[in-house]
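See below for the structure under consideration.
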Amino acid sequence: MAPSNTSSNDGGSTPARTPGPDGASAHLPGEPSGPGTHPVDELLPPVKLFSTGLQHVAAMYAGVVAPPLIVGAGVGLSPAELALLISASLFTAGLATLLQTLGIWKIGARLPFVNGVSFAGVAPMIAIAKGSIDRTGGPKDALPVIFGAVIVAGILCFLAAPYFCKLIRFFPPVVQGTVITLIGVSLLPVAVNWARGGSPGAPGYGSMRAVGLAAITLVAVVLCNRLLRGFWQQLSLLIGLAFGTLIALPLGLADFGAVKDAKVFALPSPFHFGAPLFDVAAIVSMCIVMVVAMTESTADMLALGKIVEREADEPTLAAGLRADGLATALSPVFNGFAASAFAQNIGLVALTKIRSRFVVAAGGGILILLGLFPVLGSVVSLVPQPVLGGAGIVLFGTVAASGIRTLAEAGMESSSNTLLVSVSLGVGIVPIAVPTFYDSFPEAVRTLMHSGISVGCVMAVLLNLLFHHVGAARRTRSGRTSGATVPTATPS
């Protein structure tokens with residue numbers, strides 16, 4: 001079990017570390033913190049390992065292939081080149097997930113933590129591509145410029161990890177609960193859009209057939225979770241996705257074209273689009289994106305630590321961010337983009353209660369196979385967007401529910417905590433409710449503010465500093481003695 005915090009309500013609490021015989025902290029990232037095997041470190045039987053790992057892949061597949069589709073279309077790639085870019089994203093997402101779950105040295109959080117292409121970088125990468133095309137008159141150098149910027153941003157993340165993780169002291173339960181809730185809330189519109197058909201230009205977008213299929217999938221997942229027991233209950237999402245896809249076949253909502261055109265095997269070709277180019281403006285833009293991705297990954301690791309009951313302390317956060325950075329720096333070698341956490345899989349962990357990191361590692365292995373064998377990836381892509389939407393509502397809602405549960409334990413009787421949560425959620429929901437709200441702001445500001453998770457997280461941390469670290473609240477805490485009972489925050 002994770003060690004308890006020194007405090008639950010104030011802004012200065014940090015997870016306690018288990019001391020070793022010499023008084024130093026003995027806990028390492030991914031190391032069991034108590035006697036016996038922690039569920040995070042449990043190795044499941046092969047069949048269960050594969051099936052539950054496949055369930056994680058099904059939950060994240062659309063999120064992995066969407067960014068290369070958008071960026072590739074923006075650059076003007078041919079269908080064959082676009083297929084290569086998608087395979088590269090699957091392959092590099094698998095490598096990044098293995099790095100996070102299994103870890104090497106001080107790299108990898110060793111939690112059931114899925115990594116894939118960061119959505120935060122999509123708009124800036126398209127802007128970089130457009131600027132490159134405007135300068136050169138064609139898309140030839142667009143991807144090399146993007147890849148060069150991604151490599152530098154990944155190196156920045158790797159080097160900054162041991163310093164960035166120290167922000168954990170500003171993430172007490174009230175901040176963690178706020179951010180976890182925002183993660184779920186910010187993802188729900190994605191699920192709703194999937195339920196309508198994926199994108200406004202898609203055939204039948206918003207039709208009753210699409211919405212009805214999403215509703216059938218949602219009901220199937222809920223009923224499987226309610227009626228089934230044991231292993232089959234844990235596969236409720238996968239069963240729901242399979243059932244929804246079968247229903248979609250006679251409705252003509254499952255497209256077999258991708259299966260017919262896919263190659264059987266495609267080995268990744270390093271720097272297929274050319275050697276990376278290093279443009280200062282592009283590098284600055286991607287470094288800002290990486291800071292946003294680091295903020296979201298930190299929040300996701302804290303959320304996952306709560307769910308699996310192994311607190312994400314400083315060494316774990318640092319190791320996780322190093323994995324993000326290393327995976328991001330290496331991805332362009334295989335024609336991939338920046339890697340960061342996938343929050344939908346956190347919801348799957350909460351839903352199934354399968355906490356083993358080896359399950360997610362199996363998912364990472366499956367992603368690598370999908371990247372090497374595009375025909376397999378095309379089979380997974382048969383799952384229609386409305387089916388993913390119905391399942392996504394369950395997954396993302398589960399994440400939000402986990403955040404609400406954390407808030408319930410965070411001392412909400414304090415008016416300052418209530419104000420912190422209300423303002424942070426309100427500010428975080430702005431770009432979710434009105435995506436164009438910050439369009440008139442400078443580009444660097446837009447990159448941060450367009451992410452509801454990031455802007456809400458920053459607001460929660462700042463308000464926590466204001467209410468619990470400065471002025472009267474800080475003086476109150478400095479007056480604590482070992483035997484005295486002192487309020488953790490001054491009511492406002």
Side-chain angles (χ1 to χ4, degrees), residues 48-67 89-90 93-94 96-98 100-101 111-119 183-184 186-195 198 213-214 217-218 220-222 224-225 232-245 248 296 300 303-304 307-308 339-371 376-377 379-402:
K48 192 172 184 179
L49 198 67
F50 175 80
S51 56
T52 49
L54 181 61
Q55 189 169 230
H56 274 281
V57 172
M60 71 176 293
Y61 185 86
V64 175
V65 302
S89 292
L90 291 167
T97 299
L98 287 177
Q100 278 287 12
T101 52
L111 291 171
F113 197 48
V114 175
N115 269 40
V117 183
S118 172
F119 264 98
I183 291 171
S186 67
L187 288 171
L188 280 170
V190 176
V192 172
N193 194 47
W194 286 348
L213 185 58
T217 305
L218 172 61
V221 173
V222 172
C224 286
N225 194 268
W232 294 107
Q233 184 186 50
Q234 294 170 335
L235 288 181
S236 58
L237 181 87
L238 192 60
I239 295 171
L241 289 173
F243 180 76
T245 302
E296 293 186 357
D300 287 340
L304 187 58
I307 291 169
V308 302
S340 69
F342 266 49
Q344 53 261 55
N345 293 81
I346 297 174
L348 184 56
V349 173
L351 178 68
T352 64
K353 296 180 174 60
I354 299 177
R355 295 179 277 177
S356 171
R357 59 191 173 102
F358 297 107
V359 163
V360 176
I366 293 172
L367 286 170
I368 291 176
L369 289 176
L370 295 180
L376 296 178
V379 172
V380 178
S381 69
L382 282 175
V383 180
Q385 294 276 21
V387 173
L388 288 172
I393 289 174
V394 179
L395 289 180
F396 306 155
T398 303
V399 177
S402 297

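Because the structure is a prediction, the values reported are computed rather than measured.
- The minimum heavy-atom distance between Arg355 and Val308, with the atom names listed, is NH1-O, 3.2 Å.
- Residue-environment remark: CZ (Phe243) stays at or below the threshold of 12 foreign heavy atoms within 6.0 Å.
- Taking the side chain as every heavy atom from C-beta outward, Ser89 and Val65 never approach each other to under 4.5 Å.
- Here the closest non-hydrogen pair linking Val117 and Pro67 is CG1-CB, 3.5 Å.
- For Asp300, there are no side-chain hydrogen bond (donor to acceptor under 3.5 Å, both in side chains) partners two or more places apart in sequence or in a different chain.
- Across Tyr61 and Leu90, no two heavy atoms sit closer than the pair CE1-CD2, 3.8 Å.
- Put simply, CG on Leu348 and CD1 on Ile354 are 7.5 Å apart, with the number rounded to the nearest 0.5 Å.
- By the 4.5 Å heavy-atom criterion applied to side chains, Val64 and Leu370 are not counted as neighbours.
- In this view, Ala195 and Ala214 satisfy the side-chain contact (heavy atoms from CB on, under 4.5 Å) rule, not counting sequence neighbours.
- For the pair Thr97 (side chain) and Ala361 (backbone), a donor-acceptor distance under 3.5 Å is absent.
- Between Thr352 and Leu237, the closest side-chain pair of non-hydrogen atoms is not below 4.5 Å.
- Put simply, the side chain of Pro384 reaches to within 4.5 Å of the side chain of Thr245, judged on heavy atoms.
- For the pair Asn225 (side chain) and Ser236 (backbone), a donor-acceptor distance under 3.5 Å is absent.
- Within the 4.5 Å cutoff, no side-chain heavy atoms of Arg357 are placed close to those of Val360.
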